[in-house]
Every structure is written in structure tokens, then in C-alpha cells.
Student: 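Sending over a structure as C-alpha cells; questions will come in a sec.
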Amino acid sequence: MRKRDMLKATAASLAFMTVPFVASAQDVPYNLTEGKPYEGTKLNILSVVTPQFDGLMLRDKEFTELTGIETEWTFIPFGSLQEKINAEGIAQSGTFDVVNYLDSWGPPNAHWLMPIDDLMARDGISMDRYPEAFARSAQYDGKTLGFPLRAHPQLLFYRKDLIPEPPTSWEEVIEVGKKLKETNPDIAPLALYYNNDGNRQNLFIWLNFLWAAGGDVFNDDCTPAWTSEEALQATEDYIALHTVHEITNPNSVAFVEQDARQSFQQGNSAMMPVWWWAYSPMTNPEQSVLTKEQVGFVGMPSYKGQTKTYAISMPFSISEYSENKEAAWEFMKWLSNPEMDKANAIEREVAGTPIVNNVVTHISSLQDEEVNAANDGIQAAAWDSLKQSDIMPQIPEWPEVGDLLSAAIAEAAAGGDTRALMTDAAEQATRVLKRSGCIQ
Amino acid sequence: MRDSTLKYLLVAPAVLVVFATAIWPLIESLRLSFTVGRLNRPDSLNQYLGWENFTWAFTQEPAFWNSVWVTAIYTVLTVGLTTVLALGLALLLAPGGKFRSGVQTLLILPFAMSPALIGVSFRFMFNPEFGLFDAFFGVMIPPLADVSWLSDPVLAFAVCVMADVWGWIPFLTLVLIGGLASVPQDTIEAAQVDGASGWRVFRDVTLPQLAPVLAVVIILKSIFSLKTFDQIFMLTNGGPGTATQTLSHYIYFNGMKYGQIGYAASVAWLMVIPMIFLTYAYAKYVFRKE
């Protein structure tokens, strides 16, 4: 044995003997492993840009103090994240130990996202702590691939100063919208986003119509289900908000979600169905002309008497290619702990930096009085919305099939024949799904 | 060491770099084009299926033909408009004058901008609620006040063409000013002495002598138009629907978004065919022997 190896072995033995003493000297929270066994490890985290994760990153000094593990965060804008995630999977380099991705990208990348079921069982963590839709969004093929750290239900935001009684159904949205056009012609009643931007945002509200009508995206045999009569009718009704009833902002065909939100925030539109996180920017004076007194929110409107909303999440997973999987798991436990989930929605400043965030993912936080009090009760409304939520289809071919649908809906909103476009999209999707083997 | 050995040694590093960054990726993409090549199934990267990816593109993918059509129209329009406008500007600027150097410096600016930045800028400028161009067109041409440029398939395509022409005119203008400077002044003066009108001088004297430069300009612009990606990606991302989806954008989406790297590689190789012809023509003109 060389001198350096001997020194290493001695140091390791000393460290091993010291563990019980260190462990006994501290009470390690969040199911973290006692004794800092991974001290000195540096984890690379790939995350989307969002104030919520800024808040988490700014708190990670606590994680380093508890575990001795250092973290290095790399933030990528959402528009570029899918390519980055795919590139990580191709490179198989393990550059990032923990990665953050959109739930519907999970299935195509499942081959390199590490299942954590055994680790969860070992450390007494259950996915039951999340609403069902959030939990399912981080699972694929019977395995849990990560924790849904950033997850969103849909809500209908509206101008309280213009709409005294918020609509509860899409029929009422049309009614309120038509009245608004007469009383406030300078403000568009509803900001929608029909543009296909590559992120399939124009499917978000469409899914509400589709599911509430009893339709679905796929049949059990993987064939497209959106050409059933009820599904086509639901799609036509969704498009008709713009083309027939004309209650949408005239620019909704060009809008992506961000444009529609800007329109609402700048006071140009009076209603907008969108993720709950939008409440923070909508009431932030630096980003919006509206005040909290002007912005109200309710659950998503029903369609034909039924409500089924779409929920989305951005899970964090451990890369199979990571050389620090155990340390990464320590990070995941800390990152997803319910105390921090709650603190991140209550505290408005972290490490001297202002943070505005209302997003929580634990059921306990959604129902927490303190969290609700700090965020005008939006978590309670979200919890209601989540009780009848579903997620995007979890199949590897979804990005391609979703884009076909997204393009069809964009063209329909621009004046195309909805039925013909959706039928054509189904034919193209069938070819794609047959080729991939999803349709046998 | 003999000179003949030394020269190979000196060139070797550059050859190695070119091989690693260009030749090897080309060979690997050609290999991938004959595989199933799905990123979600790593084993499929070595699963060969012959010419199926190529036949699939031709027979089963309307989106492929749509992107071929969009690329063809886009190339014809951008090359035609850019060349004509650049030639006009070059003719205006070629005689010189006190503002020429200032104008030439200003002309560099659009070309110095990255295509992605041009795409983002035009997207903002055509934003229906706060876009500068949108408002400008609305004021100047009232019927266009309520037009949502980027949501209409034809207008969105027109905006893409507009952005590309705007970005490329300066460079081509400068090239053509150089070309005009090389046209012998005595031939023009001889025609003028013979009483030829300005138009006749341009058509029968200047243009024929400028033809080799024009050919280079047209071929070069065609190559860049055929492979347009970043500007489209940032400006319309191929939409609305697939109205502005060029072939490069189609390849990118199939490869990077849908994980079908084998299929994307095969379409990329299909795109190489016109490129080879254009590159050959370009090389022929640039390296021609008088």
C-alpha cells in the first residue's frame, strides 16, 4: 500500500469511528442520514428558472450545514429546458446529479431517471403527502421517478372590480364576457392562448373541455380518442369561445400563455384561466398594474356540468448517471421536506433576497391555515381544483403527438375546420404511434 | 526532418480537429439515419432498419412535405427580395458621397445581430398588444390596425421573410458595392458617350459584368435560407400550426424534442442533397479560372 492510500484509509477509519459521536451530538431533521457520511460531495443541480426555486436555492446553506454536501445550481429558462434534459440523457455524462423536468417529459427520459421507491420505503417517505395528480405526475410505469417540487393546479383569475360574481361554468363565462364587452369595450373579457409554441400550452384549457365532456386523449389501446363525437364537440366549444362567441382577447390566437398573462396583468383582459403561480406576478406591482383588491380567483369553470382540470408538475429526479446518488437522495429529502414547502410560501425574504411565491405541493401545506393566510387563501382554492384533476398522457410519444394536437388547435382557432383538423391530427398520430409500437 | 514530412505534421492538428468536429459527426449521423434511433431507447441507436426512415419521410409524413414546401417558398422569396433590394441599395451607394461611409457603417448593424436576436426582436415588434411594428402598421394603414400578424399563417410567414430580408440586405449590399467597384468605369462611360440611357447602361453593361458576383451572392444566400433555423425558432417556432416550419426546424423538433434522432438524421441527409449542388456551384464561381 502506498503512503497516500494508507493516509486515506486512516482518515476513512477515523471518519467512520467518529460518525456515531457526531450522530449522537445532533438531531438530524428531514430523514437525513446521520453523521454527514457524504461530507465534501458536491452536487450539480439542473433546474428551471423560477422564483420558487430561487427560494429553495437560497436556503441550501442549511442543507450544507446538515450534511456537509455542497450544491451548485444551474438555472435554465423553461423554453430551453426540454432540449437540455434530452441532451443530458444522450450524453450519459452525469454532469448533473439532480435534474428538474416537466412531467410529460418523464416517460421519454425514464431510462435515465432513477426510481426512488426503495429509497422512499427505506426512509419512510410516501407519495401520499402529495395530491394524487401531483404524485402521478412524477411516476411512470409503476415507478416513482422523483418528487413533484413545482406543481400547479389551474384556477380562473378575474377582475374583481369588473366582475362582481365570478362565473362557475363556461356558459357563464360566455354570458359574463358578452356583458363585459358592452359595459367595458376597451377590455377584452377573456385572455386565452391558442398559439402553438412548441410547449403545447394551447392544450391546457382544451383538456378541461375534453375530460369534462367524458372524452380522453387516448383509448386504452393507445389509439387517439379525441375524434369521438363528445370530444370533437368539446373541442369545437373550446374554439368557439374565440371564433363564435368572440369573448376572447382578439389576439388570443397569437398569444402563448405568457402573452395572455401579460394582457391580464396590464389590464387589457378581464379573465384568464391559468396556473395558480400566476397570482404572484399578477399582484406584484413591479410586473402588474393590478392590485390584490382587483384580482380574484375561483376554481376552473365547469363544462356541461362537469369539472375536470389539468394539473402539471416539474419533478426533481436523480440521474442514473450520477456518481453521487446517495448524496443526491439526501438532497432530494431535504429539498422536498414539508417544513420548507410551507416556509417557502410564507417567508417573503430569503437570505436578504425578496421572494414572492405561493406554490406548495404537500397536501399539508395546501390545507395549512398559515400558508393560506399569507396567500389570500389561494391554496384552499387550489386544493379544491386538485380534487378532480388529471395529468397529461404519460407516454414517450407524447411530445410528438401533443404537438400534432397543438398545431391542429392553433389552426382551428385561426379559422380552420376544427373537425377536419382534429381528424387529420388523429391520422398522423396513429401513424406515429404505430411506428413506435404503442399501437400494436 | 524532410519538408514533405513536416508539412503533413503541421497540418495534422487542423485535420484532426476538422475530423472530430465535422467529418466524424457527419459519418455518425449517416449511420444513425439507418437506425431506429430513439433517444428513449438507447439500444435502438444500434438497431438498423435500412432505408425505412427515408421512405417514411417521403410516404408517411405530410409534415415533412409541408416543411419542404415552406423552405422552398421561403428560400425563393428571401433570396429574390434580398438580392433585388441589396442591388438597389448598392447602386444608390456605389457612386459615393459624403454620407456613404456613415451609411455603410449603419448597414453593418443588422448583419451584426444574431438571427436569434432578430427573431426575438421581431416577435416583440409584432406583438399584437405592445408591438412597435404592429402599432405602426395600424396607424399608417388603418385596415391593418386589428390584424394579428403572428397568428395568421400567411402574415406570420411574411413576417419571417421580412425579418430575414432585413437582416441580410446590409451584407449583400456591401458585397455588391464591392462588385460594382470592380466594374470597369470606362465601359460605362463608353456606353454613356454612345447615348445609352441609365437603364440601358445598367442592363447591358453593368449587370453582365456584375453577374459573377451576383451569382455568388444568390448561391450564398440560398444556402443560408435553406438552413434557416434560429430566426424561425425564436420568431414563430414554426407556427401558427406548421405554417412557418422550415426543414431545419422540422429536423430539430424530431431529433431534440421527439427524441427520434435516427429519423431526424435521415431528413438532415436529405437536406444535404440540394446543399451539395449549391456548394458545388458556389465553389465553381468563387474559384473559377478566368
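First the proteins, then the strands, lettered A, B, ... as listed; each starts at 1.
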Student: Which bit of A:N202 comes within less than 4.5 Å of chain B, counting heavy atoms only: side chain, backbone, both or neither?
Tutor: neither

Student: Taking side chain as everything from C-beta outward and backbone as N, CA, C, O, which of these in A:S436 sits under 4.5 Å from a heavy atom of chain B? Side chain, backbone, both or neither.
Tutor: both

Student: Under 4.5 Å heavy-atom distance to chain A, tell me which part of B:E52 shows up: side chain, backbone, both or neither.
Tutor: both

Student: Mind checking the CD-CD spacing from A:E397 to B:Q260? Nearest 0.5 Å is all I need.
Tutor: 8.5 Å

Student: Can you tell which of B:L45, B:N53, B:I261, B:V36 has the highest number of heavy-atom pairs within less than 4.5 Å of chain A?
Tutor: B:N53

Student: Indicate the atoms forming the closest heavy-atom contact of B:S151 with A:A254, along with that distance.
Tutor: CB-N, 3.4 Å

Student: Give a yes or no on this: more than 12 heavy atoms of other residues, nucleotides or ligands lie within 6.0 Å of atom CD of A:Q258.
Tutor: no

Student: Does any backbone or side-chain atom of B:W56 lie under 4.5 Å from a heavy atom of chain A? Answer side chain, backbone, both or neither.
Tutor: side chain

Student: What part of B:N254 gets closer than 4.5 Å to chain A, counting heavy atoms only: side chain, backbone, both or neither?
Tutor: side chain

Student: I need the residue from B:P62, B:G259, B:G239 with the largest number of non-hydrogen atom pairs under 4.5 Å to chain A.
Tutor: B:P62

Student: Quick one: pull up CD in A:E400 and OH in B:Y263 and give me the separation to the nearest 0.5 Å.
Tutor: 8.5 Å

Student: Would you indicate whether B:F124, at its atom CZ, is surrounded by more than 12 heavy atoms from other residues, nucleotides or ligands within a distance under 6.0 Å?
Tutor: no

Student: Supply the atom-to-atom distance A:S263 OG to B:F130 CZ, rounded to the nearest 0.5 angstrom.
Tutor: 9.5 Å

Student: If I measure from the heavy atoms of chain B, does A:F255 come under 4.5 Å with its side chain, its backbone, both, or neither?
Tutor: side chain

Student: Mind ranking A:L421, A:D424, A:N109, A:N268 by heavy-atom pairs under 4.5 Å with chain B and telling me who comes out on top?
Tutor: A:N268

Student: Counting only heavy atoms closer than 4.5 Å, note whether A:V401 contacts chain B via side chain, backbone, both or neither.
Tutor: neither

Student: Specify the closest pair of heavy atoms between B:P240 and A:N195, including all atoms of both residues, with the distance to one decimal.
Tutor: CA-OD1, 4.5 Å

Student: Could you measure the distance from the CD atom of A:E83 to the CZ atom of B:F253? Nearest 0.5 Å is fine.
Tutor: 7.5 Å

Student: What pair of heavy atoms forms the shortest contact from B:T242 to A:E411, and how long is it?
Tutor: N-OE2, 3.7 Å

Student: Look at atom CZ of A:F78 and say whether more than 12 heavy atoms of other residues, nucleotides or ligands are closer to it than 6.0 Å.
Tutor: yes

Student: Is A:D259 close to chain B through its backbone or its side chain, or both, or neither, when contacts mean heavy atoms under 4.5 Å?
Tutor: side chain

Student: Tell me whether A:K84 at atom NZ has more than 12 heavy atoms from other residues, nucleotides or ligands lying less than 6.0 Å away.
Tutor: no

Student: Tell me, with the steps shown, if A:H111 and B:D43 meet side chain to side chain contact (heavy atoms under 4.5 Å, CB included).
Tutor: CA-CA 11 Å; A:H111 63 283; B:D43 58 315; over 6 Å; no

Student: The test is side chain to side chain contact (heavy atoms under 4.5 Å, CB included); show your working for B:Y258 and A:D403 and say whether it passes.
Tutor: CA-CA 10 Å; B:Y258 309 153; A:D403 272 359; 2.5 Å; yes

Student: Keeping the roles fixed (side chain from A:N86, backbone from B:M256), state whether a donor-acceptor pair exists under 3.5 Å.
Tutor: yes

Student: Does any N or O in the side chain of A:N196 come within less than 3.5 Å of the main-chain N or O of B:G241, such that one atom is a donor and the other an acceptor?
Tutor: yes

Student: Among A:A408, A:P399, A:G89, A:G402, which residue forms the greatest number of heavy-atom pairs with chain B at distances under 4.5 Å?
Tutor: A:P399

Student: Output yes when a side-chain donor or acceptor of A:R431 lies under 3.5 Å from a complementary backbone atom of B:Q60, and no otherwise.
Tutor: yes

Student: So which atom in A:P108 and which in B:N40 form the shortest heavy-atom distance, rounded to 0.1 Å?
Tutor: O-CB, 2.9 Å

